[in-house]
Protein chains: 2
Amino acid sequence: MATLTGGGEPSATVKTVAAHAGVSAQTVSRVLRGTGYVSEETRTKVLAAVTAVGYHPNAVGRSLRAARTPMVGLLITDITNPFYASLHKAVEAVFRERGLTLMLLNSDDDRDTERQQLELLRSYRPSGLLLAPAVHSSLTTDDLAGFGAAVLVSRTLRGLSVPSVVTNEPEAMGEATRTLLDAGHRRIAAVLGPQDASTTVRREAGYREAVLAAGAEPLVCYTDQTGPGARTAIRHVLHTHAGITAALGFNAPVTEGILAGLRDEGLRCPQDVSLVGFTDAPWMAFYPPPITVVRQPVEAMGRLAAQLVLDMVDGKPVAAEPHVVPGTLLRRESVVAPSSRSLTSPSSTQR
Amino acid sequence: MATLTGGGEPSATVKTVAAHAGVSAQTVSRVLRGTGYVSEETRTKVLAAVTAVGYHPNAVGRSLRAARTPMVGLLITDITNPFYASLHKAVEAVFRERGLTLMLLNSDDDRDTERQQLELLRSYRPSGLLLAPAVHSSLTTDDLAGFGAAVLVSRTLRGLSVPSVVTNEPEAMGEATRTLLDAGHRRIAAVLGPQDASTTVRREAGYREAVLAAGAEPLVCYTDQTGPGARTAIRHVLHTHAGITAALGFNAPVTEGILAGLRDEGLRCPQDVSLVGFTDAPWMAFYPPPITVVRQPVEAMGRLAAQLVLDMVDGKPVAAEPHVVPGTLLRRESVVAPSSRSLTSPSSTQR
DNA sequence: CTGAAAGCGCTTACAG
DNA sequence: CTGAAAGCGCTTACAG
């Protein structure tokens with residue numbers, strides 16, 4: 001059996017290069033950074049020496065001297081949520097162009113893990129931070145001092161006076177709800193995220209306002225915003241509240257969970273239960289039926305949030321009020337008029 | 001309008017703490033790292049000083065002295081591919097436990113971006129690297145020297161003699177193909193990934209062997225392994241090859257794209273075209289019909305790959321041969337016997 | 001246009 | 001059990 005172990009000969013430094021080129025270390029530094037005047041001859045000599053000795057710059061040395069690392073943290077709750085994966089991709093593209101590294105950190109939506117990860121990030125002396133706070137986050141404005149540029153994305157947090165980028169959740173959720181009301185639905189279940197998350201609060205507000213304006217009764221349940229959680233939740237609400245003919249999904253995983261739960265109960269979408277999701281996913285476009293959904297502009301949110309961080313890094317003033325990027329309702333085929341089934345109890349259709 | 005700019009007062013260092021506690025800097029260091037003998041009294045004094053002056057360790061200083069950063073890179077092609085998102089999550093969990101930071105890098109499946117990102121990672125003097133190489137990667141074993149511990153995940157690369165973690169792709173793909181053959185299908189389209197990717201090569205081999213053993217004709221097409229790419233590809237192959245009654249999807253996004261393409265063509269799954277996917281996704285379990293799929297053990301692959309890096313970091317020997325984690329076929333409802341439609345041209349069903 | 005000196009924050013030998 | 005000294009690799013003033 002062939003085996004390998006971690007190797008590692010001492011690597012070349014600016015000094016090695018300097019010695020090889022017959023110049024000083026800071027001349028090497030000047031050539032590499034492209035700053036200050038260097039004669040063309042010296043420049044060529046140095047570059048030749050760089051390849052000759054196989055020199056690779058050491059970011060750690062540079063960062064120590066510069067007091068800041070050209071790195072921005074992105075602290076989210078779960079990378080397997082496609083919304084955050086797309087957010088990471090959009091943010092990374094902006095930063096890469098500017099020569100900044102993006103460091104991804106997972107909080108698992110846990111308050112202590114969040115603090116721990118933030119402490120880790122802080123130890124690298126990053127230039128900035130993009131943060132989607134954990135549900136019961138204990139972070140304060142003081143905790144975010146020292147990150148220089150800090151910006152909230154998607155979720156906000158009471159008492160954190162930091163710029164933020166969000167969607168027009170109340171309006172978008174209101175529109176989604178009215179789509180169902182207009183189709184004739186009166187008993188519409190809203191399957192939301194964690195009760196105290198700002199995203200839940202804002203989306204619930206839009207839902208309640210629309211439902212109450214139509215003289216209907218709000219039917220909400222809270223979940224951990226995962227598919228399995230939503231699957232259990234929708235089944236429970238169907239059993240405890242008779243006559244539900246429509247549902248609203250908090251995010252893409254929750255919308256998945258609702259469809260799974262409906263299937264568990266032997267209910268069809270949209271014939272038995274109409275559905276509107278919040279946050280699009282590729283499969284929703286060709287699912288039978290294609291799912292009507294509020295498209296969250298995740299790329300735009302990511303780019304804007306990244307730009308705010310860059311502006312703050314550059315010392316430009318940034319508005320402290322939330323920056324709102326509007327979502328749009330994509331009308332597909334998962335909403336139809338309620339059927340007569342709505343009058344029978346769901347348990348009668350179970351096997 | 002309230003405005004904020006990036007702040008940042010000079011932060012406390014070990015010296016600040018030392019002065020406050022009336023001890024030396026390296027005593028502070030000893031207390032913080034928990035190494036060597038320190039009297040209980042000194043220890044208490046130092047810890048009090050740490051909170052008093054608001055000290056936060058600087059990883060940059062530590063890394064410079066230690067020559068290695070407690071950081072491992074994970075270089076993948078696209079974080080919005082759920083397989084890689086889950087891989088990141090699994091790997092991160094293992095490393096977090098060991099106090100290692102995971103740094104996510106995107107290559108966009110581009111050879112130059114891959115080199116660029118690797119160079120960036122190298123500048124941080126990381127302790128290791130987990131790599132899913134780009135399709136036309138130009139990396140050599142030499143390029144990976146200096147990363148100490150390097151391990152390939154999911155994809156391998158000819159000429160790279162580095163430990164790797166893969167699935168039993170030929171066997172699993174063979175089994176998936178035989179499921180379709182056994183149901184009576186003879187014209188089975190395999191919608192694969194990029195032609196030169198090791199994953200494509202291995203899965204195609206399993207497909208071809210099974211098809212040829214059954215005396216049928218292989219029908220393969222290559223894609224960029226994204227949903228939109230697969231959507232175009234399946235439509236094209238349906239038009240150029242008459243009588244196709246079944247399809248095999250290379251990964252989750254490709255399986256999505258196949259379903260979208262079938263819908264475009266007015267074809268139903270499974271009545272008109274049976275389907276088997278490679279790599280599971282949550283929505284596949286309750287899609288109508290639930291999709292039969294080869295489940296890739298992504299968490300197990302991630303944990304194993306992470307463990308190999310840890311072993312190499314610890315100087316333990318690691319087998320250079322590929323480490324194979326077996327996938328399993330999940331039989332759901334997207335495979336049925338071919339119908340008579342198979343005798344009509346797909347264009348006749350278009351509107 | 002180029003170089004000698006100092007220091008970023010930390011930890012590793014080496015002395016007491 | 002504790003401290004004075006040196007140095008990790010780089011870049012920033014400061015001189016020539």
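Side chains included, hydrogens not; waters and symmetry mates left out as well; all remaining heavy atoms used. Below, read A as the first sequence line, B as the second, and so on, with proteins coming before strands; counting in each chain starts at 1.
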Under 3.5 Å donor-acceptor, [X] side chain and [Y] backbone:
X: B:Arg115; Y: B:Ser138; value: yes
X: A:Thr101; Y: A:Met71; value: no
X: B:Ser127; Y: B:Val72; value: no
X: A:Ser123; Y: B:Pro57; value: no
X: B:Arg155; Y: B:Pro133; value: yes
X: B:Arg33; Y: B:Val28; value: no

inquiry  = Would you say A:Thr27 places a side-chain N or O within less than 4.0 Å of OP1 or OP2 belonging to C:dG3?
reply    =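 For A:Thr27, the contact criterion (side-chain N or O under 4.0 Å from OP1 or OP2 of C:dG3) is met.
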For this session: Can you tell me the pairing partner of D:dA4 across any strand shown, Watson-Crick or G-U wobble, with both distances under 3.5 angstrom?
Result: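 D:dA4 is unpaired by these criteria.
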### Message
Under 3.5 Å for both donor-acceptor distances, Watson-Crick or wobble: does D:dA13 have a partner, and if so which one?
### Response
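Checking every strand shown, D:dA13 finds no partner, since no pair has both distances under 3.5 Å.
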* Asked: Across the strands shown, which category fits B:Val60 at heavy-atom distances under 4.0 angstrom: base, sugar-phosphate, nothing?
  ->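 Touches nothing.
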Using a cut-off of 4.0 Å on non-hydrogen atoms, how would the nucleic acid contact of B:Thr42 be classed: base, sugar-phosphate, or nothing?
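Sugar-phosphate: the residue B:Thr42, judged by heavy atoms under 4.0 Å, touches backbone atoms but no base.
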Letter by letter from the 5' end, nucleotides 10-16 of chain C scores (B base, S sugar-phosphate only, - none; protein heavy atoms under 4.0 Å) BBB----
Whole-Å gap separating C1' (D:dA6) and CG (B:Leu64) |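 My rounded result for the distance is 13 Å.
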